[in-house]
Q: 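My questions all concern the structure below.
A note on names: the letters A, B, ... follow the listed sequences, proteins ahead of strands, and every chain is numbered from 1.
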Amino acid sequence: MSIVIYNTLTREKETFQPLEEGKVKIYVCGPTVYNYIHIGNARPAIVFDTVRRYFEYRGFDVQFVSNFTDVDDKLIKAANELGEDVPTIAERFIHAYHEDVSALGVRKADCHPRVTETMPEIIDFIDQLIAKGYAYEAEGDVYFKTRAFEDYGKLSHQSINDLRSGARIEIGEKKHDPLDFALWKAAKKGEISWESPWGKGRPGWHIECSAMAKKFLGDTIDIHGGGQDLAFPHHENEIAQSECLNEAPMARYWMHNGYININNEKMSKSLGNFVLVHDMIKEHDPQVIRFFMLAVHYRNPINFSNELLESAKTGLNRIRTAYENVKHRLSISANLAQNEEKWTKKIEELRQDFIREMDDDFNTANAIAVLFEAAKEANLYLQEENTSTTVLSAFIGLFEELTGVLGLTLTKEEELLDEEIEALIQERNEARKERNFARADEIRDELRAKNIILEDTPQGVRWKRQS
RNA sequence: GGCGGCAUAGCCAAGUGGUAAGGCACGGGUCUGCAAAACCCUUAUCCCCCGGUUCGAAUCCGGGUGCCGCCUCCA
């Protein structure tokens with residue numbers, strides 16, 4: 001079996017064929033770091049982190065690159081408003097980005113290039129485009145000749161003549177054609193700038209990704225990802241730049257994740273209807289947020305609300321509880337093997353189901369359904385009087401393996417075992433032996449008030465902290 | 001005006017030709033001193049509407065309705 005990916009370029013699911021056997025090169029457009037990220041921005045981070053993890057799980061050597069746009073109009077605007085300089089702001093929000101996203105279980109990319117650190121390559125890229133006749137200078141700006149690239153529109157399936165260029169794009173007087181877009185912008189007075197053959201200025205937005213992908217991954221990469229709203233014009237422009245220069249396809253597979261909506265409308269900074277990850281992880285378990293996002297297929301929109309997050313929390317807890325149940329039994333179980341073969345086989349089936357679902361365009365929604373099934377099977381197994389440590393361990397291994405692929409963790413940081421709690425449980429046990437249930441319940445209520453939940457299992461009392 | 005997506009139970013959500021996964025919520029039961037956790041059962045005769053193709057469609061085709069997105073910075 002192999003992995004199938006929905007390719008925006010062809011609008012079809014295609015069997016993944018790596019450029020180089022056993023290797024995957026992935027480039028994902030990262031954030032412009034002028035503010036904290038909102039949960040809509042977090043979606044591609046989570047989605048492509050999961051894609052990366054899955055490729056690794058399937059034995060691929062993954063090269064994962066994701067950039068930071070650390071200089072552009074918005075950063076300059078923010079700098080002016082805050083009275084700080086661009087690098088300071090960029091640095092602050094790059095730091096915040098890593099913090100927010102790592103709380104959500106997103107691993108760092110192999111490489112996080114920044115625009116300001118890729119300046120020579122960007123300038124060289126533009127220079128070569130001019131040399132090849134695909135771009136021209138105009139009073140310190142450099143523009144790409146969109147109509148010179150005959151495949152323009154192939155990603156978003158737009159005909160170049162149908163674009164509402166005149167109507168909505170402000171036609172710069174310097175442009176020869178309204179469809180042309182900026183590769184280099186001349187610096188205005190006092191703006192942060194870099195020296196270039198065309199004078200002081202800074203790169204346009206699209207060129208950075210073309211330059212970085214080329215620099216770190218090569219002329220053609222396997223997968224290029226990002227949010228749906230980047231398909232046009234950002235990715236379309238990247239393709240134009242890169243393919244004109246390199247004369248090779250920029251990426252073989254283009255993946256685009258759907259939006260997070262609020263009240264059925266796209267969450268965006270411009271609409272103002274956003275929730276910052278920074279704030280949200282103070283209120284909610286970040287793992288629940290990740291679980292919530294992965295419970296929907298990555299290409300479909302997610303309507304966000306606190307109610308749905310609560311429901312996701314209950315769901316994730318169900319899986320966590322099953323895992324804890326198995327662990328608890330393992331810690332007290334003697335190895336009385338029974339039906340080992342049957343259960344080992346069952347566990348392997350679950351693993352294969354999971355792989356089958358993930359192979360199908362990373363269907364995490366169905367993969368999570370397999371986790372629920374695993375939870376159910378594990379709980380059923382625990383109803384048997386005698387359990388095998390082999391099977392219990394296999395269940396634990398399965399849970400850890402599969403949730404690991406999704407970037408989910410099942411345990412929270414172990415809090416110190418409170419001797420007072422243990423003592424109270426002891427006292428309650430005594431009370432129960434004496435059938436002094438009033439006192440027993442009192443102790444249980446007391447502990448519950450401190451978020452300690454007691455469970456009287458056939459194998460003894462266990463306690464846990466409420467999540 | 002161009003391009004695209006979505007519409008499945010109270011809610012969320014898979015499924016794209018073979019007779020409706022899963023989760024949350026609800027109800028009944030088992031277990032328990034009572035709980036907790038767990039398990040079992042129940043919950044859409046049907047997948048926005050109207051036609052068509054087919055032995056057979058939620059799934060394909062045509063038409064319609066509604067919602068959303070891109071075409072401007074945006075994940």
Q: Applying salt bridge (Lys or Arg N to Asp or Glu O under 4.0 Å) between Lys13(A) and each of Asp361(A), Asp359(A), Asp360(A), report the one that passes.
A: Asp360(A)
Q: Less than 6.0 Å separating the ring centroids of Phe149(A) and Phe144(A)?
A: no
Q: Just the rounded figure in Å: distance from C1' of G15(B) to CZ of Arg299(A).
A: 13 Å
Q: Can you confirm whether or not the ring centre of Tyr97(A) sits under 6.0 Å from the ring centre of Phe68(A)?
A: yes
Q: Measure the spacing between SG of Cys29(A) and NE2 of His256(A) and express it to the nearest 0.5 Å.
A: 7.5 Å
Q: For RNA chain B, whose closest nucleotide is more 5', that of Leu454(A) or that of Leu316(A)?
A: Leu316(A)
Q: With a 4.0 Å cut-off on N to O distance, would you call Lys376(A) and Glu373(A) a salt bridge?
A: no
Q: Using a heavy-atom cut-off of under 4.0 Å over every strand shown, decide if His256(A) touches base, sugar-phosphate, or nothing.
A: nothing
Q: Assign each of Met267(A) and His297(A) to its nearest nucleotide of RNA chain B by heavy atoms, then name whichever residue's nucleotide is nearer the 5' end.
A: His297(A)
Q: Rounding to a whole Å, what distance do you find between Asp360(A):CG and G15(B):C1'?
A: 10 Å
Q: Salt bridge (charged side-chain N to carboxylate O under 4.0 Å, His left out) between Arg439(A) and Glu442(A): does it pass, once the steps are laid out?
A: CA-CA 5 Å; Arg439(A) 176 60 187 151; Glu442(A) 195 178 284; 2.5 Å; yes
Q: Would you mind reading off the distance between Tyr259(A) atom OH and C67(B) atom P, rounded to a whole angstrom?
A: 19 Å
Q: Given the rule in the side-chain contact (heavy atoms from CB on, under 4.5 Å) test, do Arg428(A) and Leu424(A) qualify, once you have shown the distances and angles that lead to the verdict?
A: CA-CA 6 Å; Arg428(A) 177 170 172 270; Leu424(A) 282 168; over 6 Å; no
Q: What closest approach, in Å, do Arg432(A) and Phe437(A) show between heavy atoms, and which atom pair accounts for it?
A: O-CE2, 4.3 Å
Q: Measuring from the side chain of Asn264(A) (C-beta onward, heavy atoms only), which nucleotide among C24(B), C3(B), C68(B) has the closest atom?
A: C68(B)
Q: With sequence neighbours left out, write down each residue that passes side chain to side chain donor-acceptor pair (under 3.5 Å) with Asn264(A), or none if nothing qualifies.
A: none
Q: Rounding to an integer number of angstrom, what distance separates U65(B) and C55(B) when you compare their P atoms?
A: 32 Å
Q: Is it true that the NZ or CZ of Lys269(A) lies under 6.0 Å from the centre of Tyr34(A)'s six-membered ring and within 45 degrees of the ring axis?
A: yes
Q: When the aromatic ring centroids of Phe181(A) and Tyr143(A) are compared, is their separation below 6.0 Å?
A: no
Q: Counting the atoms with a prime plus P, OP1 and OP2 as sugar-phosphate, which does Arg318(A) contact under 4.0 Å by heavy atoms, base, sugar-phosphate, or nothing?
A: sugar-phosphate
Q: Can you tell me, in whole Å, how much space there is between the P of C3(B) and that of G56(B)?
A: 34 Å
Q: Step by step, work out the salt bridge (charged side-chain N to carboxylate O under 4.0 Å, His left out) result for Glu324(A) and Lys464(A).
A: CA-CA 10 Å; Glu324(A) 291 296 338; Lys464(A) 63 180 181 188; over 6 Å; no
Q: Which part of the nucleic acid does Ile260(A) contact within heavy-atom distance under 4.0 Å: base, sugar-phosphate only, or nothing?
A: base
Q: When the distance from CZ of Arg320(A) to P of A38(B) is rounded to whole Å, what number comes out?
A: 14 Å
Q: Using a 4.0 Å heavy-atom cut-off across all strands, classify Asn161(A) as base, sugar-phosphate, or nothing.
A: nothing
Q: Before accepting this row, confirm whether a basic side-chain N of the pair Glu243(A)/Lys154(A) lies closer than 4.0 Å to the acidic partner's carboxylate O.
A: yes
Q: Can you tell me which stems RNA chain B forms, taking runs of 3 or more consecutive Watson-Crick or G-U pairs with both distances under 3.5 Å?
A: B:1-7 with B:65-71, B:10-12 with B:22-24, B:27-30 with B:38-41, B:48-52 with B:60-64
Q: Taking the P atom of each, how far is C24(B) from G2(B), in whole Å?
A: 45 Å
Q: Using whole Å, report how far CG of Asn237(A) lies from P of C70(B).
A: 16 Å
Q: Does Ser270(A) reach a base, just sugar-phosphate, or nothing at all? Heavy atoms under 4.0 Å.
A: base
Q: Just the rounded figure in Å: distance from P of A25(B) to NZ of Lys313(A).
A: 12 Å
Q: Output all residues satisfying side chain to side chain donor-acceptor pair (under 3.5 Å) with His112(A), sequence neighbours left out; order by chain, then residue number.
A: none
Q: Check RNA chain B against residues 364-379 of chain A and give the residues with a non-hydrogen atom under 4.0 Å, in numerical order.
A: Asn366(A), Ala369(A), Phe372(A), Lys376(A), Asn379(A)
Q: Within the 4.0 Å heavy-atom criterion, would you say Gly40(A) contacts the bases, only the backbone, or no part of the nucleic acid?
A: base
Q: If the C1' atom of C46(B) is compared with that of A21(B), how far apart are they to the nearest Å?
A: 15 Å
Q: Taking atom P of C3(B) as reference, at what distance in whole Å does atom CD1 of Ile160(A) sit?
A: 16 Å
Q: Please write out the pairs of protein N or O atoms and N or O atoms of nucleotides 6-12 of chain B separated by less than 3.5 Å, giving the distance to one decimal.
A:
none

Q: Any N/O pairs under 3.5 Å between the protein and nucleotides 28-33 of chain B? List them or say none.
A:
from, atom 1, to, atom 2, distance (Å)
G33(B), O6, Arg428(A), NH2, 3.3
G33(B), O6, Arg432(A), NE, 3.4
G33(B), N1, Asp441(A), OD1, 3.0
G33(B), N2, Asp441(A), OD1, 3.2
G33(B), N2, Asp441(A), OD2, 2.7

Q: For nucleotides C39(B) and U54(B), find the distance between their P atoms and express it as a whole number of Å.
A: 47 Å
Q: Let me know the distance between CZ of Arg462(A) and C1' of A35(B), rounded to the nearest Å.
A: 15 Å
Q: For the P atoms, the ones on A57(B) and on U53(B), what distance do you get once it is rounded to whole angstrom?
A: 12 Å
Q: Reckon Ile453(A) touches a base, only the sugar-phosphate, or nothing at all at heavy-atom distances under 4.0 Å?
A: sugar-phosphate
Q: Using the C1' atom in both, what is the distance from A44(B) to A35(B), to the nearest Å?
A: 34 Å
Q: Distance between the P atoms of C48(B) and C12(B), in whole angstroms?
A: 14 Å
Q: Would you classify Gly258(A) as touching base, sugar-phosphate or nothing, given that sugar-phosphate means primed atoms plus P, OP1 and OP2, and contacts are heavy atoms under 4.0 Å?
A: base
Q: Would you indicate which nucleotide in C3(B), A75(B), A37(B) comes nearest to any side-chain atom of Lys464(A)?
A: A37(B)
Q: Give a yes or no on this: more than 12 heavy atoms of other residues, nucleotides or ligands lie within 6.0 Å of atom NE2 of His95(A).
A: no
Q: Indicate yes or no: does Asp180(A) engage Lys174(A) in a salt bridge with an N to O separation below 4.0 Å.
A: no
